[in-house]
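Report on the structure given below.
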Amino acid sequence: MLLALALLLQNPARPAIDLAGLLAELVDRSALGRLPAPPYVARQASSYDRASVSPDKDWFANGDAGQYVRTEEREGRTEGVLLDVDGPGAIVRIWSANPAGTLRITLDGADAPVLAEDMASLLGGTGKVAAPLSQQTSHGWNLYLPIPYAKHCLVTCDQPKDVYYHLGYRTYPTGTAVTSFAADDLKRGATAIDLANATLAHPHQFANADGAHTFGYELDAAHPGGRFVASDAKLAHGPRAADYLEFRVRADDLPLALRRAILRISFDGEETVVCPLGDFFATAPGVNDYQSWPITVGSGGDESGFEADLVCRWVMPYRDRIELAVDPNGAKGLSILGEVHTEPWTFDDRSLLFHARWRASGRVSTRPKRDWTHLAVTGRGVFVGDMLSIGNPVKAWWGEGDEKFYVDGETFPSHFGTGTEDYYGYAWCGTELFQAPLHDQTRCDGPGNFGWCSVNRFRALDAIPFEKGLRFDMELWHWRECTVEMAATTFYYARPGAKDDTPAIRDADLSVAKLEWKPFRIDGAVEAEDAQVVAASPGIAHEPQALDDEQWSGGRQLWVRAKAVGDFVELAVPVASAGRHEIVVYPTRSFDYGIVQFSVDGARAGDPVVTFNTEEHAVGAPRAISLGTFDVGREFKLRAELVGTSDRSDAPHTYFGIDCVVVR
């Protein structure tokens with residue numbers, strides 16, 4: 001397999017850019033270790049909300065569907081234009097959350113498309129392109145098949161209403177020789193496509209080329225000085241490239257050790273990797289099994305007692321020397337068996353040093369919405385991937401935020417996405433774990449999106465070159481106001497001397513909050529849905545209704561579908577002891593609710609309550625309303641009566657709901 005790939009890359013008879021050559025580049029990890037030749041500019045077309053004009057104007061707008069370059073009428077159908085760009089270039093990734101109709105790709109001004117396929121089949125692995133080049137992962141459809149074009153590329157879909165899409169593409173310098181994708185290329189290129197699919201699905205460890213060297217070492221946290229440096233004459237003598245690192249790890253508390261222990265790697269005396277050991281393997285916190293193109297993580301003990309096997313296949317060139325160090329940093333009982341494999345490398349002015357950088361947010365509020373910078377780097381290089389982990393204290397979705405990449409001083413991002421999960425290859429707040437060669441969700445605790453989540457994305461043909469610098473921001477855009485914790489690992493290659501803004505790792509950054517799910521309950525609540533209904537207006541419905549169990553006590557309310565002013569329900573509310581008590585109610589607010597008057601044992605209690613929610617078409621969490629203090633026995637009657645409607649509410653205007661009652 002490796003020999004076939006090498007022949008594809010080295011065949012001098014082929015044009016510089018074509019389908020076979022791009023497929024070979026896709027599965028050649030060493031290609032990322034050099035500046036691309038020919039050079040290219042990486043861009044992304046997407047359905048991001050066009051209202052986002054600047055940080056001062058609708059920057060966090062969220063209408064991210066159905067946004068096109070334009071729509072066209074063609075042969076009696078309406079087509080949304082996803083991309084209309086001059087070549088030479090190549091499409092390198094297509095993603096959608098809801099592919100619909102036929103996707104058409106027309107090249108070089110031709111009258112007919114070279115591809116006209118059912119969009120869901122083409123992107124979901126059920127059509128002409130098999131997995132993993134085409135694959136659905138947790139409600140996201142992804143196509144990594146490269147589509148080169150010499151002069152022009154037009155991409156449309158013919159059911160354009162509300163489609164979400166990303167389309168990554170390269171633009172090469174004018175005059176670059178490109179053989180455009182042809183209508184029969186899926187058939188003619190079947191061997192290269194099958195080879196790429198097989199290689200991605202089964203990543204090899206390393207190739208034992210002439211001059212290859214494997215060096216093993218052992219680290220024990222009890223080592224004098226508490227720090228171990230891997231050094232070996234053959235390992236250090238360059239120019240070479242490390243293309244396989246393996247760490248077999250055990251510790252008294254392995255998840256904590258993987259966050260506390262810091263991996264440091266220097267190339268030619270320049271420290272470019274500073275990262276918690278576990279996060280370096282693009283899943284955190286803890287050990288979360290998965291296999292991808294550059295990284296594999298496996299859990300489970302072996303006879304020697306090691307609990308995790310961590311493998312990295314990024315290719316890491318150096319001119320003279322590599323130095324690997326692990327600082328246990330207080331991780332108790334840490335022990336590592338390590339292995340490094342290196343091969344000869346021609347280190348020239350295109351060669352790049354590998355970087356892995358990590359930053360943590362600490363506890364941060366989700367309001368106001370903001371851009372959180374994952375990486376800002378100055379220099380010349382290529383961005384190749386990242387991992388995000390987030391601790392979410394609620395079930396509600398945390399990832400509405402869009403990615404924004406600014407390349408070489410751009411004032412508006414050339415990559416502007418539609419949602420965090422979309423960037424990572426899935427969709428619709430999906431909680432299913434998945435693994436694919438170039439994107440993975442390795443952890444999602446639940447229920448819902450509660451707890452720790454870890455997602456990653458690695459780049460090959462969609463890597464982003466930069467000549468002067470790059471900034472990568474991700475919006476923190478949560479459905480709820482709460483406090484979250486985030487950590488991001490970024491991977492990039494750069495020429496020696498590149499600098500980034502990653503802050504030094506502090507001890508406080510290395511803690512991992514323990515998040516345990518507990519259903520929400522209001523102290524002392526009498527749940528309205530469980531209380532006895534002792535009276536009600538004839539013909540109206542009243543029943544328990546399931547709602548968000550983080551905002552409604554017990555996750556339900558009593559839903560009353562009143563029909564007209566004067567309709568009521570009356571509940572028997574138990575009291576622990578007779579006497580004078582304050583009575584507090586928790587009515588729900590909603591878009592079709594009315595105005596309610598409460599009474600206690602026949603006496604009017606408080607003012608009328610407007611339960612219409614001013615946020616259009618939304619159900620609002622209950623708010624405590626004191627009805628006053630009353631002398632009551634061991635039980636009292638609480639009546640809720642519709643006394644009016646809001647002009648702004650939706651039909652029928654007359655419903656209302658009660659979460660619970662608290663007697664103080």
Side-chain angles (χ1 to χ4, degrees), residues 1-2 4-45 83 85-95 105 107-108 114-115 122-123 128-135 142-153 155 166-173 175-201 203 293-294 315 350 382-385 436-439 458-465:
M1 181 179 294
L2 293 174
L5 287 173
L7 290 174
L8 283 172
L9 285 170
Q10 296 173 6
N11 183 354
R14 289 194 307 102
I17 308 293
D18 65 1
L19 173 62
L22 287 171
L23 287 169
E25 182 185 345
L26 171 66
V27 295
D28 178 22
R29 280 185 289 262
S30 67
L32 298 174
R34 294 184 173 90
L35 292 170
Y40 66 87
V41 175
R43 291 288 183 265
Q44 177 176 280
L83 182 69
V85 64
D86 289 331
I91 297 171
V92 292
R93 176 181 181 261
I94 304 176
W95 165 92
I105 300 177
L107 304 182
D108 302 339
V114 295
L115 277 179
L122 181 64
L123 273 59
K128 293 183 177 179
V129 183
L133 282 175
S134 173
Q135 188 173 2
N142 298 267
L143 179 70
Y144 286 96
L145 178 77
I147 301 172
Y149 48 91
K151 298 178 181 178
H152 187 265
C153 180
V155 182
H166 293 180
L167 201 154
Y169 63 99
R170 295 175 165 189
T171 298
Y172 295 103
T176 302
V178 173
T179 299
S180 295
F181 190 93
D184 62 349
D185 266 6
L186 290 179
K187 183 179 294 185
R188 289 193 303 112
T191 298
I193 292 171
D194 290 346
L195 179 59
N197 266 330
T199 306
L200 288 170
W293 179 234
V315 175
R350 289 181 50 226
V382 183
F383 181 84
V384 296
L438 297 171
H439 63 280
F458 307 116
R459 293 171 176 266
L461 295 182
D462 58 337
I464 306 176

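Note that the structure is a prediction, hence the values are computed from the model and not measured.
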For a side chain to side chain contact (heavy atoms under 4.5 Å, CB included) check, start with the C-alpha distance between L19 and F181, then their side-chain angles and the critical distance, and finish with the verdict. CA-CA 7 Å; L19 173 62; F181 190 93; 4.0 Å; yes
Under 3.5 Å, is there a donor-acceptor pair between the side chain of [X] and the main chain of [Y]?
X    : Y    : result
N142 : S134 : no
D462 : G168 : no
D18  : G21  : yes
D194 : A192 : no
R29  : W293 : yes

What is the minimum heavy-atom distance between [X] and [Y], and which atoms define it?
X    : Y    : result
I464 : A42  : CA-CB, 4.0 Å
R459 : G385 : CD-N, 4.3 Å
L123 : W95  : CD2-C, 4.2 Å
P88  : V178 : CB-CG2, 3.7 Å
T176 : P38  : CG2-CG, 3.8 Å
H152 : V85  : CD2-O, 3.3 Å

Is it true that E25 and R170 have a side-chain N and a carboxylate O under 4.0 angstrom from each other?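 Judged by the 4.0 Å cut-off on N to carboxylate O distance, E25 and R170 do form a salt bridge.
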Thinking salt bridges, do R188 and D185 make one under a 4.0 Å N-O criterion?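 A salt bridge links R188 with D185.
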Beyond-backbone contact of [X] with [Y], side-chain heavy atoms, under 4.5 angstrom:
X    : Y    : result
V41  : P465 : no
Y144 : L438 : yes
R350 : P36  : no
L200 : V27  : yes
S180 : P148 : no
V155 : L167 : yes

If you round to the nearest 0.5 Å, how far is SG of C153 from CG of D86?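 Rounded to the nearest 0.5 Å, the CG-SG separation comes to 10.5 Å.
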Identify which one of L107, I91, V129, I105 satisfies the side-chain contact (heavy atoms from CB on, under 4.5 Å) criterion when paired with L115.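 Exactly one pass, corresponding to I105.
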Among L461, L22, L143, which residue meets the side-chain contact (heavy atoms from CB on, under 4.5 Å) test with V92?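 The residue from L461, L22, L143 that satisfies side-chain contact (heavy atoms from CB on, under 4.5 Å) with V92 turns out to be L461.
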For a side chain to side chain contact (heavy atoms under 4.5 Å, CB included) check, start with the C-alpha distance between L122 and L145, then their side-chain angles and the critical distance, and finish with the verdict. CA-CA 10 Å; L122 181 64; L145 178 77; 5.8 Å; no
Using 30° and 60° as the class boundaries, would you call the ring planes of Y40 and Y172 parallel, tilted or perpendicular?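 Perpendicular.
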Tell me, please, whether Y169 has R43 positioned over its six-membered ring: NZ or CZ under 6.0 Å from the ring centre and within 45 degrees of its axis?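 Checked: cation-pi criterion not met.
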Would you please test L26 and L133 for side chain to side chain contact (heavy atoms under 4.5 Å, CB included) and show each step? CA-CA 10 Å; L26 171 66; L133 282 175; 3.6 Å; yes
